[in-house]
Amino acid sequence: MAERNNTRLWSMRGLFILLCMFVIFWRLLPLDLVPRNIAGPDLILALICTWVLRRPEYATPLMIAAIVLLTDLLFQRPPGLWTALVLLGSEALKSRSAGLRDMGFVPEWITVASVLVVITLANRLVLALLLVDQAPLGLTLVQMLMTILFYPFVIMFSAMVFGIRKIKPGDAESLGHRA
Amino acid sequence: MAKDRTHNDDYAGPLRRLLIGVLVVCALGLFFLWRIDSPRVERFRAQVVDRVVPNFDWAMAPVTGTVNILRDFQSYQRIYQQNQELRRELQQMQAWKEAALQLEQENARLLDLNNVRLDPRLTFVTGVVSADSGSPFRQSLILNVGSRDGIMDGWATMDGLGLVGRISGVGNNTARVILLTDSSSRIPVTVQPSGQRALVVGDNSVAPIIDFLEDAGQVRPGDRVITSGDGGVFPAGLLAGQIAVDPGGRMRLRPAADYERLEFLRVLRNYQRDEIGTAGDLIAPDTIEVPIQAQTGGGDG
């Protein structure tokens with residue numbers, strides 16, 4: 001039993017990394033070399049929020065830090081700052097996950113949206129304080145809104161394809177191997 | 001069992017918090033290091049890109065190809081219209097071809113008269129576009145040529161027709177090209193035929209702004225824009241595009257390079273330029289060193 005749980009734990013962790021790598025791969029494809037006025041959602045961030053709220057043992061802080069730092073480096077963002085903010089945001093969500101578990105979807109959506117708003121604004125604020133060149137504010141806000149809008153779809157996708165659902169009292173067993 | 005778990009939580013809680021604290025401090029440390037010593041961290045970034053992007057290469061080319069085929073398939077729906085357009089354009093092209101042939105002959109005659117030798121060092125390396133910046137905020141792309149092929153920071157890249165951008169960040173097998181449209185791109189140019197100097201300033205839009213024009217009255221939409229070679233940034237005389245005026249009345253550059261379809265890029269070799277290796281020093285007159293030399297001289301004597 002413990003053996004099986006362990007295999008599942010590591011395979012799900014592998015799956016999370018694989019999903020993130022796929023998103024990175026898709027974004028790196030040289031399909032759009034012309035600047036656009038709209039920005040797509042930050043799917044990696046949405047994935048992190050979804051998985052952290054549902055199965056935090058599948059998306060450990062170390063993995064989140066490694067993936068976001070890689071995207072920082074690949075996507076030419078100032079390296080490190082966004083990583084730190086996403087880590088703090090995901091921890092904030094994790095600490096509220098117990099309360100959100102019993103509530104419906106709307107409170108969760110509002111919580112996630114507020115965390116996204118806070119880390120986006122904090123990112124811009126720190127960059128502004130350190131006089132780093134920034135992307136246009138409108139574009140950043142569009143990306144944030146798109147991420148918030150796409151969040152339900154990421155949840156549906158995770159639940160239907162990979163069975164990432166909220167932990168119910170019945171299957172507390174799956175948490176037993178966290179240590 | 002339940003008691004066991006709470007025990008685990010008690011034990012794991014502080015450890016987890018410590019781990020997260022360490023991770024956050026490390027990430028912020030990297031960020032501040034980047035802010036203080038940007039060139040070194042950017043070199044590290046180039047190396048990470050160099051490690052990661054070639055791993056995706058085997059899948060990137062076929063997937064990009066498939067998506068482009070699907071996009072092209074949509075255009076079959078209006079194939080008749082396109083055919084008509086092409087015929088019209090072909091007719092215009094024939095007129096231009098005639099003009100070009102005459103000019104070519106004239107040019108050859110003039111070169112012969114002047115006994116001009118073209119600079120043999122202005123050769124190029126051709127690379128394939130293997131990835132883009134991956135972010136809507138930055139306009140750059142990654143080529144599959146790097147320091148292994150002798151690529152150096154700051155070299156100009158062109159597609160068949162016009163300037164595309166400059167190299168910034170070279171790994172062993174990859175090099176990043178910052179496009180003219182990126183908001184950090186600044187290129188000194190000359191507007192022909194009036195000879196006005198200006199800067200092409202990228203602003204994350206399709207058409208970069210033409211800034212610092214001496215006399216905007218002498219410049220008209222449709223004028224050719226070529227690099228001026230000021231500041232040793234680029235070789236002079238590379239075609240960048242044409243002047244256009246946006247609805248707000250600002251001068252903009254319509255790039256000659258076809259940004260919709262960048263596949264192969266030429267990187268022009270250019271060895272006559274300064275390298276940026278450090279974060280920057282104070283600009284001070286040389287005379288400061290004199291007293292130190294005098295002192296050591298005294299010590300020797």
Side-chain angles (χ1 to χ4, degrees), chain A residues 21 23-40 42 60-62 64-66 68-88 90-91 94 126-127 130-136 139-140 142-143 172-173 175-179, chain B residues 1-2 4-5 8-9 11-12 16-17 19-20 23-35 41 44-45 48-49 52-53 56 59-60 63-64 67-68 71 129-142 169 176 179 181-184 203-206 259-263:
Chain A
M21 289 316 262
V23 175
I24 294 175
F25 167 75
W26 190 255
R27 302 230 352 224
L28 279 179
L29 285 182
L31 294 174
D32 263 337
L33 294 169
V34 181
R36 305 276 173 209
N37 283 330
I38 61 161
D42 191 345
T60 59
L62 196 62
I64 293 174
V68 180
L69 187 62
L70 182 68
T71 60
D72 271 356
L73 291 171
L74 285 180
F75 299 163
Q76 273 190 295
R77 284 194 295 248
L81 179 62
W82 187 243
T83 313
L85 288 171
V86 169
L87 258 183
L88 291 176
S90 71
E91 283 309 303
K94 210 184 283 181
V126 173
L127 289 182
L130 292 175
L131 302 174
V132 181
D133 278 344
Q134 297 205 50
L139 210 55
T140 322
V142 166
Q143 181 167 52
E173 196 61 40
L175 268 177
H177 51 69
R178 185 156 56 174
Chain B
M1 181 75 199
D4 222 348
R5 201 161 72 225
N8 274 344
D9 277 352
Y11 173 66
R16 287 180 72 82
R17 248 171 278 147
L19 172 72
I20 289 154
L23 284 174
V24 168
V25 168
C26 285
L28 286 179
L30 180 67
F31 172 65
F32 284 109
L33 183 68
W34 172 80
R35 194 64 196 118
V41 180
F44 170 68
R45 189 205 292 273
V48 171
V49 170
V52 175
V53 173
F56 287 151
M60 262 175 175
V63 174
T64 313
V67 173
N68 279 334
R71 281 185 182 171
V129 175
S130 64
D132 70 3
S133 69
S135 144
F137 309 119
R138 307 304 304 265
Q139 305 301 324
S140 69
L141 49 84
I142 294 172
R176 189 182 286 280
L179 303 182
T181 49
D182 186 84
S183 48
S184 67
D203 64 343
N204 218 18
S205 73
V206 185
Y259 277 62
E260 297 269 1
R261 293 187 181 274
L262 295 179
E263 257 183 273

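Residue numbers start from 1 in every chain, and the chains themselves are labelled A, B, ... in the order their sequence lines are given, proteins ahead of strands. Predicted model only: the values in this text are computed from it and were never measured.
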| note | The ring-ring contact (aromatic ring centres under 6.0 Å, His included) partners of Tyr259(B) (sequence neighbours excluded) come to none
| task | Tell me, please, which residues at least two apart from Phe137(B) pass ring-ring contact (aromatic ring centres under 6.0 Å, His included). | result |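 Partners of Phe137(B) by the ring-ring contact (aromatic ring centres under 6.0 Å, His included) criterion come out as none, since no residue qualifies.
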How far does [atom1] of [X] sit from [atom2] of [Y], to the nearest 0.5 angstrom?
X        : Y        : atom1 : atom2 : value
Met60(B) : Leu29(A) : CE    : CG    : 5.0 Å
Ile20(B) : Ile64(A) : CD1   : CD1   : 8.5 Å
Thr83(A) : Leu30(B) : OG1   : CG    : 7.5 Å
Arg16(B) : Lys94(A) : CZ    : NZ    : 4.0 Å

| query | Can any side-chain N or O of Arg77(A) pair as donor or acceptor with the backbone N or O of Ser135(B) at less than 3.5 Å? | reply |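 Such a contact is absent between Arg77(A) side chain and Ser135(B) backbone.
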| said: Please check this pair: side chain of Arg27(A) against backbone of Asp132(B), looking for a donor-acceptor N/O pair closer than 3.5 Å. | reply: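 Flag not set: sc Arg27(A) to bb Asp132(B) has no pair under 3.5 Å.
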Is there a side-chain contact between [X] and [Y] (heavy atoms, below 4.5 Å)?
X         : Y         : result
Phe75(A)  : Arg138(B) : no
Val67(B)  : Trp26(A)  : yes
Asn204(B) : Leu139(A) : yes
Leu130(A) : Trp34(B)  : no
Val52(B)  : Leu74(A)  : yes
Phe56(B)  : Ile24(A)  : yes

[X] versus chain A, heavy atoms under 4.5 Å apart: side chain, backbone, both or neither?
X         : answer
Val206(B) : both
Leu33(B)  : neither
Val129(B) : both
Glu260(B) : both
Ser133(B) : both

| task | List the steps, then state whether side chain to side chain contact (heavy atoms under 4.5 Å, CB included) holds for Arg176(B) with Gln76(A). | result | CA-CA 10 Å; Arg176(B) 189 182 286 280; Gln76(A) 273 190 295; 3.4 Å; yes
When only pairs under 4.5 Å are counted, which of [options] shares the most heavy-atom pairs with chain A?
options                                 : result
Leu141(B), Asn68(B), Val63(B), Val25(B) : Val63(B)
Leu262(B), Asp203(B), Val53(B)          : Leu262(B)
Val49(B), Val48(B), Leu19(B), Leu23(B)  : Leu23(B)

| query | What residue in Pro61(A), Pro79(A), Ala39(A) has the most heavy-atom pairs under 4.5 Å with chain B? | reply | Pro79(A)
| task | Considering only heavy atoms and a distance below 4.5 Å, find which of Pro136(A), Ala65(A), Pro78(A), Gly40(A) pairs most often with chain B. | result | Pro78(A)
Under 4.5 Å from any heavy atom of chain B - which part of [X]:
X         : value
Thr140(A) : both
Val126(A) : side chain
Leu70(A)  : side chain
Asp72(A)  : backbone

| request: State, to 0.1 Å, how close Leu131(A) and Arg35(B) come at their nearest heavy-atom pair, and which atoms those are. | output: O-NH2, 3.0 Å
